[in-house]
Structures are given as structure tokens and as C-alpha cells.
Amino acid sequence: MIVLEHVSKRYALGGETLTVLADISFTVEEGEFVALLGPSGSGKSTLMHILGCLDMPTEGRYCLSGVDVTKEAPRRLAHIRNQKIGFVFQNFHLLPRISALQNVELPMIYAHLSRAARRARAEELLELVGLSNRLRHLPTELSGGQKQRVAIARALANHPQLLLADEPTGALDSETSREIMELFRELNQTGVTVLVITHDANVAAYAARQIRLIDGRVVGEEELRGRS
Amino acid sequence: MDVREMMFTALLSMRTHALRSILTMLGILIGVASIIAIVAVGNGGKAAIVSTLESSRLQNTIEILPKELVVPGLPQPGQVLSISANDLNLVRQFHGVTVVNPLYFGQVEVTAGARSANLNLEGGPYFLPDLARFTILHGHMFTPLDVLGHRNVAVLSVGAASQLFGTTHVLGQTVTVGGQPLDIVGISASTEPSILNGILGGGAVYVPNTTLEDIFPNWTASEMAVGVVPGTSVSQLARRLVTALNIHAHSAQAFEDSSGFLAGIEKLVGTVTSILTLVIGSIASIALIVGGVGVMNIMLVSVTERTQEIGIRMSLGASRAAILVQFLMESMFITMTGGFLGILLGAAIAFGVHLATHLPMQVSWQVMVLSFLFSAVIGLICGIYPANKASKQNPIEALRYE
């Protein structure tokens, strides 16, 4: 499903070359729940941007369900983000001026779904994340945990093959974090591939497999329990 | 992203920054409003002048006059300055012509007791009020008998009476013109349309043409009023008369009938209003351009403010084209709303001018459609740069932007 082969990312800073990711290779199978664990500065975010088709590796190949995305044009990449990837961000990144329902509808607007189909799917998803009574609320009227639930519902809108979560609990208290991670686990059990990027070992503990990243290198993989 | 969705987004963004959007569209609004108002009042004024000129034409009468000088005071080759007795006799021989009355115009000193004034003296037939456009306020107009009998009578305009006597109650008194005392039988007021009144007004003394010929035997007629047998084609006869007179004067440029004269005035009025409209219109276009620059400025601010929104949209699958179109729509929405409100305001201003001054107005739908389209084009042009900037954002940096 995800195949990274010798992926490197380097930036030219003045005369020096800064290596953020060095020779990273790993595979994530469909239906897995994987955590990318690493301290800040380990290159997690850069890796997440590459996995999310927002950035391109300097070297190496990245195949997403058989497609080498490093060879795709920007227009195709937008389509891949829309259809195959669902993002969940640390700071939720909901549009502040539109309701929870409209936020969930956004990816489906770019997928050219009809108004009625969007509305039905958005209501279904918000119900799935337990927010059926908050459809018309603006993000400012929601708690942190509720906002993250809306963001997760939005990420699932177009039936993505990969749910990509970047520090999804970074802005939440421990109780809410637990609830959100439970939600990810439930979603994974229904067949969604989940990749969580975190520095928090407690968060990573929800995953079935951990990939540890330090200074832009994979330093270890650990199978925590059988694949669910 | 379909059009309806983009319109919704644009509307939402406009509503969120309502005051800012209104201030931004103000430039476009004022520009469009002034164009609409100027064209409405200009067209209305032109139409009013033309229609009063048209309606003032007399039935069964042809007015023939020497063709106007191209350069005042400088006669052209073949130019005729006045109408001779021969010309009058020539016209009298035509079939269909009932009567030919010469009309005289000149400036003379008129005295009444100790006071005197330089006034316009006009000599003509008893239906002079129709030709010179005045009406009798007090007393009566001189009669056909007065004309036939070379009687020493005069009608004074209100202006002339007040200049000579300080009052308009002067019936029965006398004024002296060229040494000849004349009895005042009537007081007249001009019926020229209000627009022309100021230009052509002033004191005038009207006398029978026969009386004037007696006092000033060497004056030549400056116009002739030709009576026509009812049922005759006035325009055809007028053309034949003018042709005959021109042949007689050995010039194609000597005479014209008043329809040609009117057409000339209409053309002149049209030219003047078109030039005025063009000049004021270009000033209003500057307002539109300034307004467009304001829109571009606000759109640039908006793109910067909403960097994170752009990043989020891109991460959710918005292509660069979709972002570009979104911001273009917003900019066009602002200018088109401004244009629409400007059309309403412009029409309201024109109506206000109409109420205040009684000048007619003609709101032209072509100008409305054109200015609406123009404001859309301004939105498009002024939105391209900011929208392009928005679409070129790096999604990673845009997402990080706080």
C-alpha cells in the first residue's frame, strides 16, 4: 500500500546541505495501524508531508497503492490528496467561518459530489465520530476533542486509503487524547489504514507497529501486537 | 468545485468582512453610479432639446433663411446674408404658396420718455408669436389689419417693458423707434423651452413687417415665412423653394429651410452632449480604475490573511486552478456587487436630478449592461494577480502560517 524506497530529503541552506531525511525505506500494508515515533527535529513532519503528497523527496521512490507519486504532476497530486489521503492535523485546521457539517463537506466539494450526496455523507460521518448533535456548530463553538473529531470525519470524507494523522493529540488533554486514539483504533478495525506521526510513546502505543525515527533515519521497527 | 459552491464561498468571505467589502466596492460603486447618472441626464437633456425643437415647427408654414455662417462674420463664397425683394417675389410665384411674409431682425435704440435701451426689433406678420415663440400676457397681438394698414403699433416683451418703464403695465403708452412713435398694444412673454430661454431671452419689440419697412426702408429681411396651401407636402415644397432660391443666387449654399436649420441645431446639441458625456465619463472611468486598484489591494491582504485556509484547502485536494478561481470569483463578486449597487445609485441620482431641476432623464439600459460587464471585467483583471499569488502558495508553508 505504502512503499518507501531510499527516500531522502535535503535542503540547500546557504552553502551547506541540510539532510532532513536520509535513506528511508519502509512498507505499510493495507489495514495496518502504524505509528511513526520520533522526537522533535527527527524529520517526522517532513516525512508526513512526503507521505501526504504535499512535498517531494529529493531522492528515492514513494509508491502509494502502486502509483509512484514522485512522478506525478501537481494537478494529479491534488487529486490523489483528495481521493486517497485523509489528513488529521495537530491544530485541527478547520475553516473557522463554516459549520462542522460544511467543513466535512469540503473534500467532497473538490471531488465534485452533488450537494445532497455531500450532505448525507457528512451527516453520516459526523454521526460516526459521535457529533450528530453538533452539525451546525462553528469550530469556535466546539471543544478541542470535538474539533479533532470533525477533522477526522473530514479526513474520511472521500473514503481515503490512508488516514495520515500528524500529532493528532498534541493540542488535547490526556483524557481527550485517549478518546481520540480509541477512535483511530475503532476506525482501523473497520479497515482504514492509519498512520500516526507522534513524539509521544503513549500515543504510539495504540498502533500495532512502531517505526522509530531519529535524525532523519529509521532506527528501529517494533511489532507491538498482532495486526488488527 | 462547482460555480454555486464558489459563489457561496465568495459570498461568505464578503459577509465575514462586510464593512471592508463595502468600503472596497465603494470606488466601483461611485464610478458606475456617476457614469449612469451622467449618461441619463445627458441623454435626457438632448432628447428634451430635440423634441422641443421638433414640436415648435409650424403647420403649413415653411421658414426659409440664409444658410448660417460657418465662421461668424466671415462670409463663405456663395453666402447670402439676407433675403431680397426678388427672392420674396420668386417664392410668391410658386404653386401651393399662399402668402410670403418677410421677417426682420435687428438691434435698435428704443426710447420711452427719458429712458432708452438697445433692444431687439423684430418685424413680422400677425402670427409672429408662433414663429418667434412668444405668447401675449396683456393686451393683444397686432392684427392682420395692423399689418395691412402699416399701423404704428408694437408689442413689447416683459424684458423690454421693464427696461424702458420699470413695469409691465404700459398698454396705451408709446415707445419711439427710429423717430417713429408706436402705440403699445400688447405685452409678450417667451415660450421658448426653459433651456433655451436663458440663451435667447432679453428685451424685444415686435412690430408689423410693413411698419418696420416704413421706418427702416433699407433693412433687408433675414428670414421668410411662407404660407402653404393645406394638404401640400411641406417638405417637398420646401426643397423646391430652396433649390429655386439657390439657383437664383448662383450658389448651392445660399438658403435652407428651418428643418435643415433645426437638424443643424440637433446635430450641434448632440455633439456637445456627446463631448460632455465623454469628458465626464473619462473622469468617472478614473474612479473605476482607482476602485479596481483598491479591490486588488484588499484581495492581496485577503490572500495573506487566509494563507492557512489556502493550505488547508490544498491539503484537502484543491488544485491550484480551484484556488485561483475561488479568489477570482471573490474579486469579481466584490466589483459586480459594486457595479450593481452603482447602477441603482446612478439611476437614483438621475431621478433626484430630475426631481430637483425638472430636467428630463433617460436611463439607458445599454449603459447599465455595459457598466455591469465592465465592473465584472475590472474584478477579473484586478483579481488575477492576487488569485495567482494565492494559487502559487506552497501548501506546507501555508499550513504552518499562523
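Predicted model only: the values in this text are computed from it and were never measured.
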Rounded to the nearest 0.5 Å, what separation is found between the NE2 atom of A:H79 and the OG atom of B:S319? 11.0 Å
Heavy-atom distances under 4.5 Å only: say whether B:R15 touches chain A with side chain, backbone, both or neither. neither
Does B:R20, at its CZ atom, have more than 12 non-hydrogen atoms belonging to other residues, nucleotides or ligands within less than 6.0 Å? yes
Rounded to the nearest 0.5 Å, the CD1 atom of B:I312 sits from the CZ atom of A:R154 at a distance of 6.0 Å
Please lay out, stage by stage, how A:Y110 and B:M314 fare under the test side chain to side chain contact (heavy atoms under 4.5 Å, CB included). CA-CA 10 Å; A:Y110 292 113; B:M314 283 177 164; over 6 Å; no
Count the heavy atoms of every other residue, nucleotide or ligand shown that sit under 6.0 Å from CG of A:D215, and state whether that count exceeds 12. no
Cut-off 4.5 Å, heavy atoms of chain B, and the answer for A:Q83 is neither
Considering residues, nucleotides and ligands other than B:F351, do more than 12 of their heavy atoms fall under 6.0 Å from its CZ? no
Over 12 foreign heavy atoms within 6.0 Å of CZ, A:F184: yes
Interatomic distance, B:S315 atom OG to A:D166 atom CG [nearest 0.5 angstrom]: 11.5 Å
Counting only non-hydrogen atoms closer than 4.5 Å, does A:R97 touch chain B with its backbone (N, CA, C, O), its side chain (CB onward), both, or neither? both
Atom CG of B:L316 and atom CD1 of A:I109: how far apart are they, to the nearest 0.5 Å? 10.0 Å
For B:Q366, does the CD atom have more than 12 heavy-atom neighbours from other residues, nucleotides or ligands under 6.0 Å away? yes
Minimal heavy-atom distance between A:A78 and B:A318, with the atoms involved, is CB-O, 3.9 Å
Bottom line for A:H49: the part with an atom under 4.5 Å from chain B's heavy atoms is side chain
Interchain contact, A:L94 with chain B, by part (heavy-atom threshold 4.5 Å): backbone
Between atom CZ of A:F89 and atom CD of B:Q308, what is the distance when rounded to the nearest 0.5 Å? 9.5 Å
More than 12 heavy atoms of other residues, nucleotides or ligands under 6.0 Å from OH of B:Y385: yes or no? no
Is A:N158 in contact with chain B via its backbone, its side chain, both, or neither, using a 4.5 Å heavy-atom distance? neither
Just how far is it from atom CG of A:L54 to atom CD of B:E397, taken to the nearest 0.5 Å? 12.0 Å
Return yes when atom CD of A:E30 has more than 12 non-hydrogen atoms of other residues, nucleotides or ligands closer than 6.0 Å, and no otherwise. no
